[in-house]
Amino acid sequence: MKATKIAVLSGKGGTGKTFVSVNLANVIPNATYIDCDIEAPNGAIFFKPTDVKSEVVNNLIPKFDNDKCVGCRKCVDFCQFNALALINKKVKLFDNLCHSCQGCALVCDYDAISFVKKPVGTIDVGFANDKKIVSGMLNLGIISGNSIIEQAKTYSENWTIIDCPPGAGCEVMETIKDVDYCLIVVEPTLFSYHNYLLVKELMTVMKKNYGILINKANEADDIIFNDNVISRLPYMNGISKKLSNGIVVTDVDNKFYQDFDKLYQALAKEISHE
Ligand code: SF4
Ligand code: SF4
């Protein structure tokens, strides 16, 4: 059966994206939670999965055969990421800039380029009650983690809640490109609104259906956000302490459980309209 994939994203860090992703996955039976916030994955801190298995994710980077290379520069001029330079008639690779597109090999007329694996990160897969918990992690010093995100999403099953990287950049695009729906978490501040506008533009460019969840909602929030709001979560005293202790709030607070269950029903309705 095809998975139903919901991406939870925010233009700005700190709006409560992971809080929403974790608690939404927690109220959905047999859900899969995938942490694609690969520079700072912390959803597993809440779920505390067991039977965790780790796998290494590799990128393919070019290797140059100096006996075959004639120094024509075609590969250097082709690379859109400035990962190659020709120095003393030899191609030099700056591997941290390489995005593994493999295009350089396609333009080489001398069959001088092959590819080797370079580890860029890991994926942990474990279980917490009826949930599958998947966490992608980028290695230090690596610039592009798209291959980790792509590989992490292969674990999608049933309802899958995907915790996106913050912002609206390349890794967010990789995360949301094949999802069924995007849930944008905002807070009622002008900073959050400013970043929301960037994410909204991304939704338009990528033709994604989306809805807004206002976290820490107050009576003034609809002055700032007045379209596509599908849920509001009120500010709750004491929640920060629960979060800093790694507590899943929907496990201990019935009101929040009801709020997230309503969100689940609202998302199911949105998706059935597609
Ligand atoms: S694989 Fe792509 S990004 Fe990497 S060096 Fe070749 S052309 Fe550049
Ligand atoms: S395209 Fe091939 S032959 Fe030309 S510089 Fe690159 S590796 Fe060498």
Side-chain angles (χ1 to χ4, degrees), residues 5 7 9-11 13 34-41 53-125 134-156 162-179 182 195 198-199 201-208:
K5 291 186 232 173
L9 61 165
S10 66
I34 302 182
D35 203 337
C36 288
D37 190 353
I38 54 174
E39 289 187 34
K53 291 194 171 49
S54 292
E55 66 193 47
V56 173
V57 182
N58 295 296
N59 274 357
L60 290 176
I61 58 165
K63 185 178 165 204
F64 297 86
D65 183 336
N66 289 330
D67 292 334
K68 291 182 178 172
C69 175
V70 298
C72 71
R73 270 194 78 89
K74 250 177 140 178
C75 56
V76 178
D77 293 338
F78 173 84
C79 182
Q80 300 296 301
F81 301 100
N82 297 319
L84 301 176
L86 195 65
I87 300 168
N88 293 334
K89 295 189 181 163
K90 285 191 177 154
V91 183
K92 160 103 178 125
L93 168 71
F94 299 95
D95 60 355
N96 278 347
L97 298 179
C98 175
H99 281 56
S100 302
C101 73
Q102 302 185 34
C104 46
L106 291 178
V107 298
C108 177
D109 297 322
Y110 297 89
D111 194 24
I113 304 176
S114 56
F115 287 89
V116 291
K117 287 179 182 173
K118 175 185 174 184
V120 291
T122 51
I123 293 175
D124 287 351
V125 183
V134 181
S135 298
M137 168 80 91
L138 187 70
N139 286 352
L140 281 178
I142 303 294
I143 292 174
S144 172
N146 283 356
S147 51
I148 303 168
I149 291 170
E150 197 179 347
Q151 199 162 314
K153 285 195 298 173
T154 62
Y155 288 96
S156 300
I162 304 175
D163 193 344
C164 289
C170 201
E171 286 172 352
V172 176
M173 291 169 77
E174 178 65 33
T175 307
I176 69 172
K177 69 182 185 190
D178 56 350
V179 302
C182 292
N195 291 293
L198 298 176
V199 178
E201 207 177 320
L202 186 64
M203 296 295 108
T204 308
V205 171
M206 295 188 73
K207 297 186 175 61
K208 288 289 165 191

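Whatever order the structure lists them in is the order used to number ligands and atoms, beginning at 1. Predicted, not measured: the structure shown is a model, and the values here were computed from it.
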What residue and atom, counting heavy atoms only, is the protein's closest point to atom 6 (Fe) of ligand 1, and at what distance?
C104 SG, 2.4 Å

Pick one of side chain, backbone, both or neither for how V107 approaches ligand 2, counting any non-hydrogen atom pair under 4.0 Å.
neither

Side chains of K89 and N66: do they bring a donor and an acceptor to under 3.5 Å?
no

Protein contact to atom 3 (S) of ligand 1 [nearest heavy atom, distance to 0.1 Å]:
H99 N, 3.3 Å

Identity and separation of the nearest protein heavy atom to atom 4 (Fe) of ligand 1
C98 SG, 2.4 Å

Decide, counting backbone as well as side-chain atoms, whether C75 has an N, O or S atom less than 2.8 Å from atom 6 (Fe) of ligand 2.
yes

Of I149, V120, D163, the residue whose pairing with I38 passes side-chain contact (heavy atoms from CB on, under 4.5 Å):
I149

Between C101 and atom 8 (Fe) of ligand 1, is there a contact where an N/O/S atom of the residue lies under 2.8 Å from the metal?
no

Element-labelled atoms of ligand 2 that are located less than 4.0 Å from some non-hydrogen atom of I113
7 (S)

Identity and separation of the nearest protein heavy atom to atom 1 (S) of ligand 1:
Q102 N, 3.2 Å

Got L9 and M203 here, is their nearest side-chain heavy-atom distance under 4.5 Å?
yes

With backbone taken as N, CA, C and O and side chain as the heavy atoms from C-beta onward, which portion of L84 lies under 4.0 Å from ligand 1: side chain, backbone, both, or neither?
side chain

M173 side chain reached by L202 side chain, heavy atoms, under 4.5 Å:
yes

Under a 4.0 angstrom heavy-atom cut-off, which atoms of ligand 1 come close to F81?
3 (S)

the protein heavy atom lying closest to atom 2 (Fe) of ligand 2 turns out to be C108 SG, 2.4 Å

S100 (side chain) donor-acceptor with L60 (main chain) under 3.5 angstrom
yes

In terms of atom number and element, which parts of ligand 2 are under 4.0 angstrom from non-hydrogen atoms of C69?
3 (S), 5 (S), 7 (S), 8 (Fe)

Say whether, by atom type as modelled, one donor and one acceptor occur between the side chain of K208 and the main chain of V179 under 3.5 angstrom.
yes

Short N-O contact, E174 and K177, less than 4.0 angstrom
yes

Please state which protein non-hydrogen atom is closest to atom 8 (Fe) of ligand 1 and give its distance, to 0.1 Å?
C79 SG, 2.4 Å

In ligand 2, which numbered atoms sit nearer than 4.0 Å to a non-hydrogen atom of F64?
7 (S)

Is a donor on one side and an acceptor on the other found under 3.5 Å between the side chain of E171 and the backbone of G145?
yes

Counting neighbours of CD on E201 that are heavy atoms of other residues, nucleotides or ligands and sit closer than 6.0 Å, is the number greater than 12?
no

List ligand 2 atoms under 4.0 Å from Y110, heavy atoms only on the residue side.
3 (S)

Flag, side chain of E39 to backbone of D37, donor-acceptor distance under 3.5 Å
no

At under 4.0 Å between heavy atoms, what of K68 touches ligand 2? The answer is neither

